[in-house]
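Beneath this line is the structure, given in structure tokens, with notes to follow.
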Amino acid sequence: MTSTPRAVAPRAQGATVWLTGLPSAGKTTIARLLGERLKAQGHRVEVLDGDEIRRFLSAGLGFSRADRNTNVQRIGLVSEVLARNGVLSVVPVIAPYADSREAVRRRHEKSGTPYLEVHVATPVEVCSERDVKGLYARQAAGELAGLTGVDDPYEVPENPSLVLPTQQQSPQESADAVYALLAERGLV
Ligand SMILES: Nc1ncnc2c1ncn2[C@@H]1O[C@H](COP(=O)(O)OS(=O)(=O)O)[C@@H](OP(=O)(O)O)[C@H]1O
Ligand SMILES: Nc1ncnc2c1ncn2[C@@H]1O[C@H](COP(=O)(O)OP(=O)(O)O)[C@@H](O)[C@H]1O
């Protein structure tokens with residue numbers, strides 16, 4: 001006797017939302033606000049916090065070009081797997097190199113998984129004023145070298161899905177703009 005396959009609920013559509021930008025640009029703040037809103041609506045959401053990933057998945061990696069690339073590819077893999085399985089995965093990670101970001105985009109394209117690149121485009125002068133973690137001050141004092149946007153490269157995204165000038169917005173306005181993009185793409 002053959003059994004009838006059990007009906008299962010259709011899986012929600014996932015996506016990766018990658019928030020790229022300089023330290024203190026606002027990536028983490030926007031990711032958290034967006035994540036809270038999406039969760040409150042019942043979506044399956046993960047915020048892949050860069051600092052936490054560097055403590056575990058990317059433990060031991062530094063900030064050389066090669067290490068940043070390894071870090072970004074690992075996060076890209078995890079995010080694509082989550083997104084392919086119906087999770088809205090929000091990724092507040094600097095990802096300073098265009099070729100690294102492109103590799104992540106291609107990984108998503110290969111599996112037909114939506115991928116949105118959001119440039120949190122806060123000018124370096126504003127970021128160094130905010131200096132949430134004191135990195136800009138440490139760089140200026142000669143205690144840290146290779147800070148993204150100061151003495152290490154940040155390759156500005158050429159064709160992002162969205163640009164956020166956070167120096168002209170409240171955190172909530174920035175998060176709402178990302179939400180609006182998801183809505184426009186039919187992902188929420
Ligand atoms: N040299 C240097 N350059 C940039 N950032 C530095 C550096 N040293 C430490 N940090 C802190 O590490 C966080 C960046 O980690 P990411 O994983 O987002 O960076 S990367 O994509 O691998 O380049 C970054 O977090 P955010 O400030 O939230 O961006 C910094 O707090
Ligand atoms: N429109 C905005 N979007 C995000 N953060 C903002 C905005 N305006 C001001 N901020 C402030 O800038 C800081 C950004 O810090 P954070 O989110 O940790 O940056 P990053 O994760 O990019 O290093 C926070 O103190 C936040 O309140």
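Atoms within each ligand, like the ligands themselves, are counted from 1 in listed order. Side chains are part of it too, since the values below use all heavy atoms of this structure and drop only hydrogens, waters and symmetry mates. Note that the structure is a prediction, hence the values are computed from the model and not measured. The residues of the chain are indexed from 1 along the displayed sequence.
Counting heavy atoms only, Leu135 comes closest to atom 11 (C) of ligand 1 of the residues Val150, Ile75, Leu135. Checking Gln169, Lys27, Arg32, Glu129 against atom 22 (O) of ligand 2, the nearest heavy atom belongs to Lys27.
When heavy-atom distances to ligand 1 are checked against a 4.0 Å cut-off, Pro96 comes that close only through its side chain, counted from C-beta outward. For Ser170, every heavy-atom contact with ligand 2 shorter than 4.0 Å involves the backbone, none the side chain.
Considering both main-chain and side-chain atoms, Pro23 never comes within under 3.5 Å of ligand 2 through any nitrogen or oxygen pair. For ligand 2, the polar-atom distance check finds an N/O of Ala25 within less than 3.5 Å of one of the ligand's N/O atoms.
Remark: side-chain polar atoms of Arg74 are paired, donor with acceptor, to backbone N or O of Leu57 under 3.5 angstrom. Side-chain atoms of Lys27 do not come within 3.5 Å of backbone N or O of Trp18 as any donor-acceptor pair. A side-chain donor-acceptor contact under 3.5 Å links Thr122 to the backbone of Ala25. Without hydrogens or angle criteria, Arg138 side chain to Leu144 main chain gives no donor-acceptor distance under 3.5 Å. Within the 3.5 Å criterion, the main-chain N or O of Gly76 finds no donor-acceptor partner in the side chain of Ser79. Side-chain atoms of Asp131 come within 3.5 Å of backbone N or O of Leu135 as a donor-acceptor pair. A donor-acceptor pair under 3.5 Å links the side-chain atoms of Glu173 to the main chain of Ser170, judged by distance alone.
Taking the ring axis of Tyr115 as reference, the NZ or CZ atom of Arg84 does not stay both within 45° of it and closer than 6.0 Å to the ring centre.
Counting only heavy atoms of the protein, atom 25 (O) of ligand 1 lies nearest to Lys133 NZ, 3.1 Å. In terms of protein heavy atoms, atom 21 (O) of ligand 1 is closest to Ala95 N, 2.8 Å. Counting protein heavy atoms only, atom 18 (O) of ligand 1 is closest to Ile94 N, 3.0 Å. Looking only at heavy atoms of the protein, atom 15 (O) of ligand 1 is closest to Arg54 NE, 3.2 Å. For atom 27 (O) of ligand 2, the closest non-hydrogen atom on the protein side is Pro171 CG, 4.2 Å. Among all protein heavy atoms, the one lying closest to atom 23 (O) of ligand 2 is Ser24 N, 2.7 Å. Looking at atom 12 (O) of ligand 1, its nearest protein heavy atom turns out to be Phe63 CZ, 3.4 Å. Annotation: atom 23 (O) of ligand 1 to nearest protein heavy atom, Arg68 NH1, 2.8 Å. Here the protein heavy atom with the shortest distance to atom 13 (C) of ligand 1 is Asp51 OD1, 3.7 Å. Counting protein heavy atoms only, atom 21 (O) of ligand 2 is closest to Thr28 OG1, 2.4 Å. The protein heavy-atom contact nearest to atom 29 (O) of ligand 1 is Lys27 NZ, 2.8 Å. Considering only non-hydrogen protein atoms, atom 16 (P) of ligand 2 sits nearest to Thr29 OG1, 3.6 Å. What sits closest to atom 19 (O) of ligand 2 on the protein, heavy atoms only, is Gly26 N, 3.2 Å. Protein heavy atom nearest atom 9 (C) of ligand 2, with residue, atom name and distance: Arg130 NH2, 3.3 Å. In this structure, atom 25 (O) of ligand 2 lies nearest to the protein heavy atom Val132 CG2, 4.1 Å.
Using a 4.5 Å cut-off between side-chain heavy atoms of Ile, Leu, Val, Met, Phe, Trp and Tyr, with links allowed through other members, Val104 and Leu19 fall into different hydrophobic clusters. Hydrophobic clustering, with ILVMFWY side chains joined whenever heavy atoms are under 4.5 angstrom apart, groups Val118 together with Val188.
Distances from ligand 1 to the non-hydrogen atoms of Val72 include at least one value under 4.0 Å. Judged by the shortest distance from any of its heavy atoms, Leu22 lies inside the 4.0 Å radius around the atoms of ligand 2.
Short contacts between ligand 2 and Ile30, defined as distances under 4.0 Å to a heavy atom of the residue, involve ligand atoms 3 (N), 4 (C). The contact set between ligand 1 and Gly146, taken as ligand atoms under 4.0 Å from a residue heavy atom, comprises 1 (N), 2 (C), 3 (N).
A 6.0 Å sphere centred on CD of Glu129 holds no more than 12 heavy atoms belonging to other residues, nucleotides or ligands.
Salt-bridge annotation for Arg54 and Asp67: absent, with no side-chain N of the basic residue lying under 4.0 Å from a carboxylate O of the acidic one. The pair Asp152-Arg68 counts as a salt bridge, with a side-chain nitrogen and a carboxylate oxygen less than 4.0 angstrom apart. Comment: Arg105 engages Glu102 in a salt bridge, judged by a side-chain N to carboxylate O separation of less than 4.0 angstrom.
Counting all heavy atoms, side chain and backbone alike, Ser100 lies closest to Val72 at CB-CG1, 4.0 Å.
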